[in-house]
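Input: a single structure, listed below in structure tokens.
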Amino acid sequence: MLKKILSVLLVVMLVAGLAACGQQAQPTGPDQSTPTQSTPSESTQPKKNEGKLVVGFAQIGQESGWRDAETWSILNAAEEMGVDLKFSDGQQKQENQIKAIRTFIQQGVDVIGVAPVVETGWETVFKEAKEAGIPIVLVDRRAAVSEDLYATFIGSDFILEGQNACKEMARLLNGKGNIVELQGTVGASAATDRMKGFAEELKNYPDMKIIASQSGDFTRAKGKEVMEAFLKAYPGEIHGVYAHNDDMALGAIEAIKDAGLKPGVDIKIVSIDGVKAIFEAMVAGEANVTVECNPLLGPQFFQVCKDLKEGKEVPKWVKSEEGIYRQETAAEDIKNRKY
Ligand code: AHR
């Protein structure tokens, strides 16, 4: 027990220290405004790390339970696999993630991992990493850059998740009804593709339509706020909520209850992620389906980093295996959830 408490404390200290390290005095300003160094000078030229694998990871922030699980997976895997990890929390800001990447380049890490908060605006800093000979690994979200600017993408098929969410909604509504959509962060690949997948699949159900769609930024608080507005704008007209993540669905559930309605019954709830809290809501009969999106990417991430350091070929997409979980089996399924 004591060993467990000590190791948790160690991880907390590590996150705090490394987060600070990733945000230290580095060139500031948005991506495009910082000139690209074509040939790094001798003093900034990263040195090859002998022995231990040194990895920088620019995390998005802490917007959801899913994100916390991903961070935990990365910290834990680094400890278990003996990786020297430099971790930075971008606090939901792309400029912080870009600063962290520049810090990692100056520190001469072997590989840089990044979960891009939004898809665009990465070319300049990725080119800087390439010129310094440091491969970029995209973790869980994609960046809109040419394929030569990153080594691999590790993560889910967000379009498929959106399609599966729509099929589940059609099953719950018998193919007929009005849906409101809670989008993730505007410009994030997870939001764009989940919206696209759902919309594509929706074409197969002419009696089902999205009557309102707005961003809740992947957070519970904003999910609740947006749902309150939807309930006011469409009283008695909403049959289903499609949320791009579980946290926003949990916020929507609160709003529906506050409005005197029964979530999961009066209004069906379909979301994406598979965090424990949504399983609890399903067990309570307040949510209907979650389409899984796996955040436990740490072991795969460091294996890829190791392979890259050893000069091995890596696939351009390391795809996650994911399931679909329904209210009917939630009480059993929750026992096996790891996040
Ligand atoms: O990029 C994955 C998404 O980001 C998750 O679905 C969401 O919960 C998170 O914040």
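Counting starts at 1 for both ligands and their atoms, in listed order. FYI, side chains are in, hydrogens and waters are out, and symmetry mates aren't considered; it's all heavy atoms of this structure.
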> Is Glu168 salt-bridged to Lys268, going by a charged N under 4.0 Å from an acidic O?
Replying inline: no
>> Would you say NZ of Lys222 has more than 12 non-hydrogen atoms from neighbouring residues, nucleotides or ligands within 6.0 angstrom?
In response: no
> Is it the side chain, the backbone, both or neither of Cys293 that has a heavy atom closer than 4.0 Å to ligand 1?
Replying inline: neither
>> Please determine whether any non-hydrogen atom of Arg194 lies less than 4.0 Å from an atom of ligand 1.
In response: yes
> So which heavy atom in the protein is nearest atom 5 (C) of ligand 1, and how far is it from that ligand atom?
Replying inline: Asp273 OD1, 3.4 Å
> Mind checking what makes side-chain contact (heavy atoms from CB on, under 4.5 Å) contact with Lys316, not counting sequence neighbours?
Replying inline: Glu147, Tyr150
> For ligand 1, which atoms have a heavy atom of Ala190 less than 4.0 angstrom away?
Replying inline: 1 (O)
>> If you count heavy atoms of other groups shown closer than 6.0 angstrom to CD of Glu313, is the number above 12?
In response: no
> Polar-atom distance check: Arg67 versus ligand 1, any N or O pair below 3.5 Å?
Replying inline: yes
> Starting from atom 1 (O) of ligand 1, which protein heavy atom do you reach first, and at what distance in Å?
Replying inline: Asp140 OD1, 2.5 Å
>> Consider salt bridge (Lys or Arg N to Asp or Glu O under 4.0 Å). Of Glu201, Glu200, Glu181, Glu161, which one does Arg194 pass it with?
In response: Glu161
> At a 4.0 Å threshold, what atoms of ligand 1 neighbour a non-hydrogen atom of Glu63?
Replying inline: 4 (O), 9 (C), 10 (O)
